[in-house]
Visitor: 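Pasting a structure below so you can have a look.
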Amino acid sequence: MAGLAMSFVGFTGLMNALRRRVDAWTQMELYQLRIIVAYALATLFGSLLTIPFAELLGPHDGVQRLALVMFIVSAALGIGNLLADIRQGHGMVLPMRVRATFTTITIVGLLALLGTAITGAPAFYRIALILLFAMPAGTFAYVVARIDR
């Protein structure tokens, strides 16, 4: 999971490096790049920190506490995206199906993290990481689908 998350961070760096200097980034492009990087980094650290947390606190307590930290991180990212969307901070109104898809992913991911924080079940945490990773992956797919449109 950590390797996949880093792939998306690398993708945004590549997009930036290959960008023509005369072309200005639109608000939407900057928003999409921020989404890809923020969620990819959150997934990266959520994956990598599992081992130190489990070794320091034990498997059950380590996953439980890390899930609580990741719940706070994911909630902050979700609220930030929601506010940007409401304020149209990215320069356009997103289609309802796109907004509904990403909102559903965020809510189900938060529920999985909350379930992990309550029960300490690693299976819930794995599901939460997959859903957290779905945000940069979905944004990447949305960007690629929109090329030359």
Side-chain angles (χ1 to χ4, degrees), residues 1-53 62-119 121-149:
M1 188 67 67
L4 290 172
M6 278 309 298
S7 295
F8 282 103
V9 173
F11 163 74
T12 58
L14 181 63
M15 281 181 58
N16 192 23
L18 296 177
R19 182 81 174 183
R20 292 185 200 133
R21 299 288 181 226
V22 294
D23 294 336
W25 291 95
T26 66
Q27 287 180 325
M28 186 59 169
E29 289 169 333
L30 290 171
Y31 174 74
Q32 290 168 333
L33 289 174
R34 280 192 300 267
I35 294 292
I36 291 170
V37 170
Y39 279 96
L41 288 175
T43 305
L44 171 72
F45 286 107
S47 300
L48 293 178
L49 289 174
T50 305
I51 294 169
F53 269 71
V63 169
Q64 208 168 16
R65 297 223 175 110
L66 182 56
L68 185 57
V69 169
M70 292 305 296
F71 178 85
I72 294 166
V73 168
S74 186
L77 288 171
I79 290 168
N81 288 336
L82 178 67
L83 292 175
D85 194 33
I86 289 170
R87 295 179 185 149
Q88 294 180 8
H90 39 73
M92 66 178 277
V93 177
L94 291 174
M96 185 59 83
R97 70 183 187 291
V98 173
R99 186 181 305 161
T101 300
F102 286 113
T103 301
T104 301
I105 290 169
T106 300
I107 290 171
V108 174
L110 285 170
L111 290 174
L113 286 168
L114 187 60
T116 307
I118 292 169
T119 66
F124 284 144
Y125 191 69
R126 286 185 205 105
I127 291 168
L129 282 179
I130 290 168
L131 291 168
L132 194 60
F133 179 69
M135 294 299 283
T139 304
F140 172 76
Y142 183 74
V143 169
V144 170
R146 295 271 181 231
I147 291 177
D148 290 331
R149 283 192 181 181

Visitor: Roughly how far, to the nearest 0.5 Å, is the CG atom of Leu132 from the CG atom of Leu110?
Guide: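 Leu110 CG to Leu132 CG: 9.0 Å, rounded to 0.5 Å.
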
Visitor: Going by side-chain contact (heavy atoms from CB on, under 4.5 Å), name the residues that satisfy it together with Ala121, two or more places apart in sequence or in a different chain.
Guide: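 side-chain contact (heavy atoms from CB on, under 4.5 Å) list for Ala121, sorted by chain: Thr119, Phe124.
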
Visitor: Between CE of Met70 and CG of Leu77, what distance do you get to the nearest 0.5 Å?
Guide: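 Interatomic distance, Met70 CE to Leu77 CG, rounded to 0.5 Å: 8.5 Å.
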
Visitor: Please report the shortest heavy-atom distance between Gly109 and Ala128, naming the atom on each side.
Guide: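 Looking at all heavy atoms of both residues, the shortest contact is O-CB, 3.9 Å.
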
Visitor: For the atom pair CG (Leu44) and CG (Leu129), what is the distance rounded to the nearest 0.5 Å?
Guide: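 Going from CG on Leu44 over to CG on Leu129, the span is 10.5 Å.
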
Visitor: When you compare the side chain of Tyr39 with that of Asn81, does any pair of heavy atoms fall below 4.5 Å?
Guide: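 Result yes, sub-4.5 Å side-chain heavy-atom pair found.
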
Visitor: Do any pairs count as a side-chain hydrogen bond (donor to acceptor under 3.5 Å, both in side chains) and have a residue in residues 98-114, sequence neighbours left out, and if so which ones?
Guide: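 As it turns out, the side-chain hydrogen bond (donor to acceptor under 3.5 Å, both in side chains) pairs with a partner in residues 98-114, which skip direct neighbours, are Asp85-Arg99.
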
Visitor: Return a table of donor-acceptor pairs under 3.5 angstrom between the side chains of residues 111-118 and protein atoms on other chains or two or more places apart.
Guide:
residue: Thr116; atom: OG1; partner: Ala112; partner atom: O; Å: 2.9
residue: Thr116; atom: OG1; partner: Tyr125; partner atom: N; Å: 3.0

Visitor: Find the distance between OG (Ser74) and CD1 (Ile105) and round it off to the nearest 0.5 Å.
Guide: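 Rounded to the nearest 0.5 Å, the OG-CD1 separation comes out at 11.0 Å.
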
Visitor: How many angstroms lie between OG1 in Thr43 and CG in Leu48, if you round to the nearest 0.5 Å?
Guide: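 Nearest 0.5 Å value for the OG1-CG distance: 10.5 Å.
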
Visitor: Could you check Phe53, Phe45, Phe71 and say which one makes a side-chain contact (heavy atoms from CB on, under 4.5 Å) with Leu66?
Guide: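 Among Phe53, Phe45, Phe71, the one meeting side-chain contact (heavy atoms from CB on, under 4.5 Å) with Leu66 is Phe53.
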
